[in-house]
Protein chains: 2
Amino acid sequence: MMQSEFNKTKVCIADKHFIHRLGVKTILSVIGIEPDLYEADSLETTLSCLSEINDVKYLIVAQDVLHPKLNKSLRKIKNQNPNAKLLVVCDGPCQAVPGAKLITENDTRQEVLEKFQNFFFHSEPESTDNDSALLSERETEVLKTVALGYSNKETAEKLFISINTVISHRKNITEKLGIKTIAGLTVYAVMHDLIKPEDVKA
Amino acid sequence: MMQSEFNKTKVCIADKHFIHRLGVKTILSVIGIEPDLYEADSLETTLSCLSEINDVKYLIVAQDVLHPKLNKSLRKIKNQNPNAKLLVVCDGPCQAVPGAKLITENDTRQEVLEKFQNFFFHSEPESTDNDSALLSERETEVLKTVALGYSNKETAEKLFISINTVISHRKNITEKLGIKTIAGLTVYAVMHDLIKPEDVKA
DNA sequence: CCAAAAATCCCCATTTATAGGGATAAATAC
DNA sequence: GTATTTATCCCTATAAATGGGGATTTTTGG
């Protein structure tokens with residue numbers, strides 16, 4: 001059968017949850033693919049899997065394996081395996097991932113199967129996006145501190161500058177990023193791996 | 001075989017994600033159970049499933065289907081089906097659920113299979129544990145709106161209440177959660193799947 | 001039915017944040 | 001070597017958040 005080409009192909013499934021990996025594996029057998037299968041249950045095992053095993057062509061990864069270092073991790077993975085195809089299975093809050101196909105929790109059985117088939121049997125090049133680091137070093141420091149939940153005053157004390165300076169930096173940050181809410185800055189900082197969510201002040 | 005007793009038993013799988021339901025179904029067949037199977041992909045369909053179909057004995061539910069009304073929903077389910085057994089499959093940050101077995105993303109294949117077997121073949125009463133100070137429905141709404149980057153005033157307008165009420169709710173939220181910064185509330189809301197990070201106001 | 005919890009609203013005072021408008025010294029870029 | 005960005009600081013005024021004290025009505029549980 002046509003799918004036999006996949007019988008030597010290396011596929012890695014990265015999901016912390018055994019049940020979820022099992023679901024993916026079942027789908028693979030449903031659409032008639034029996035590849036060399038590798039499983040990873042963390043970002044670390046995923047990366048070591050990719051580095052130890054050559055030519056992993058298909059990577060099916062749960063977003064929570066990547067989160068919160070999503071973008072950085074994807075860059076790593078893309079660097080290590082430039083020709084790997086990426087399928088991201090989102091659970092709950094998800095964001096589009098450059099150069100990857102997305103399956104969300106809202107996809108029906110039909111949609112999921114179609115996306116899996118497309119993933120394996122079609123190969124359109126994905127778009128690469130613009131990753132801009134437009135903040136200055138000091139602005140980044142201020143952003144980080146504010147996103148961690150510190151007030152302007154506290155940020156000033158932490159960075160040994162006047163509160164006026166903090167406010168100035170924040171004006172620039174707001175203008176450059178187009179983000180004016182603290183909630184938005186926090187999400188931005190977490191998503192860009194500037195802060196760890198568990199470090200955010202209560 | 002011994003499992004044949006389950007061939008008439010009614011089991012409901014509630015998970016938004018088709019892949020996850022598929023994983024659960026595969027496990028059932030692995031441990032040799034072929035029950036009357038019902039699937040639900042939301043809290044609503046779960047509840048209607050339970051009310052329309054009598055004697056659903058086993059309910060396997062993803063935590064995200066319940067959240068954020070977790071405890072309330074569980075109470076509802078327990079009320080409607082007092083003798084139903086509950087297996088909660090957590091994904092990501094999870095909290096203990098009174099009267100239910102828990103499967104977490106850290107469980108290995110072995111542990112998952114054992115827990116499923118225990119779930120179906122043994123019936124110890126579950127321990128009820130400390131009900132961590134959870135937020136009321138309205139408080140959750142306020143938390144979500146604030147975490148999305150809306151000011152108290154905007155939140156009041158969105159929820160059709162006075163700003164004083166918003167402030168009152170926020171006081172309760174701060175007290176219950178021990179989180180006083182907007183950054184912290186945002187992280188909490190994202191981590192508990194109350195909001196999607198991409199929805200946070202810039 | 002009664003007690004507790006939840007949801008709604010109000011006042012006051014203080015602290016922070018935001019939105020304008022600026023300025024100056026030092027480093028970077030072209 | 002001049003132009004630009006960066007980092008620092010200041011002022012004013014308004015808007016918003018916080019912390020403290022309340023109150024009332026409705027819902028919910030036992």
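All chains are named by letter (A, B, ...) in the order of the sequence lines, taking the proteins before the strands, and each is independently numbered beginning at 1.
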- Message: Rounded to whole Å, please give me the gap between CD in A/Glu175 and P in D/dA7.
- Response: 15 Å

- Pair listing, salt bridge (charged side-chain N to carboxylate O under 4.0 Å, His left out) test, anchored in residues 135-150 of chain A, at least two apart: A/Glu139-A/Lys176, A/Glu141-A/Lys144

- Could you state the CD1-C1' distance from A/Ile161 to D/dA7, rounded to the nearest angstrom? 8 Å

- How long is the line joining CD of B/Glu141 and P of C/dA7, in whole Å? 10 Å

- Query: Which residue pairs pass the salt bridge (charged side-chain N to carboxylate O under 4.0 Å, His left out) test when at least one of the two sits in residues 152-171 of chain B, sequence neighbours left out?
  - Reply: B/Glu154-B/Lys201

- Do the side-chain N or O atoms of B/Lys176 get closer than 4.0 angstrom to the phosphate oxygens (OP1, OP2) of C/dA6? yes

- Query: What's the CD-C1' distance between A/Glu137 and D/dT5, to the nearest Å?
  - Reply: 14 Å

Name each donor-acceptor pair under 3.5 Å that joins a side chain in residues 21-33 of chain B to protein atoms two or more places apart or in another chain, with its distance.
{"from": "B/Arg21", "atom 1": "NE", "to": "B/Glu39", "atom 2": "OE1", "distance (Å)": "2.5"}
{"from": "B/Arg21", "atom 1": "NH1", "to": "B/Asp15", "atom 2": "O", "distance (Å)": "2.7"}
{"from": "B/Arg21", "atom 1": "NH1", "to": "B/Lys16", "atom 2": "O", "distance (Å)": "3.4"}
{"from": "B/Lys25", "atom 1": "NZ", "to": "B/Glu39", "atom 2": "OE2", "distance (Å)": "2.6"}
{"from": "B/Thr26", "atom 1": "OG1", "to": "A/Thr26", "atom 2": "OG1", "distance (Å)": "2.9"}
{"from": "B/Thr26", "atom 1": "OG1", "to": "B/Leu22", "atom 2": "O", "distance (Å)": "2.8"}
{"from": "B/Ser29", "atom 1": "OG", "to": "B/Thr26", "atom 2": "O", "distance (Å)": "3.0"}

- Message: List the residues meeting side-chain contact (heavy atoms from CB on, under 4.5 Å) with B/Ala183, not counting sequence neighbours, and say none if there are none.
- Response: A/Ile182, A/Thr186, A/Val200, B/Thr181

- Message: Angle between the end axes of the helix from C/dC1-D/dG30 to C/dC30-D/dG1, five pairs per end, to the nearest 10 degrees?
- Response: 70°

- Residues that A/Asn164 engages under side-chain hydrogen bond (donor to acceptor under 3.5 Å, both in side chains), provided they are two or more places apart: A/Ser162

- Item | Summary of protein contacts for nucleotides 16-21 of chain D, nucleotide by nucleotide, where a base hit scores B, a sugar-phosphate-only hit scores S (4.0 Å, heavy atoms) | SSBBBB

- Message: Tell me the interatomic distance from A/Asn172, atom CG, to D/dT5, atom P, rounded to whole angstroms.
- Response: 11 Å

- Task: Answer yes or no for B/Lys10 and B/Tyr58: cation-pi contact, defined as NZ/CZ to six-membered ring centre under 6.0 Å and angle to ring axis within 45°.
- Result: no

- Message: By the 4.0 Å heavy-atom rule, please label A/Thr165 as base, sugar-phosphate, or nothing.
- Response: base

- side-chain contact (heavy atoms from CB on, under 4.5 Å) partners of A/Glu175, counting only residues at least two apart: none

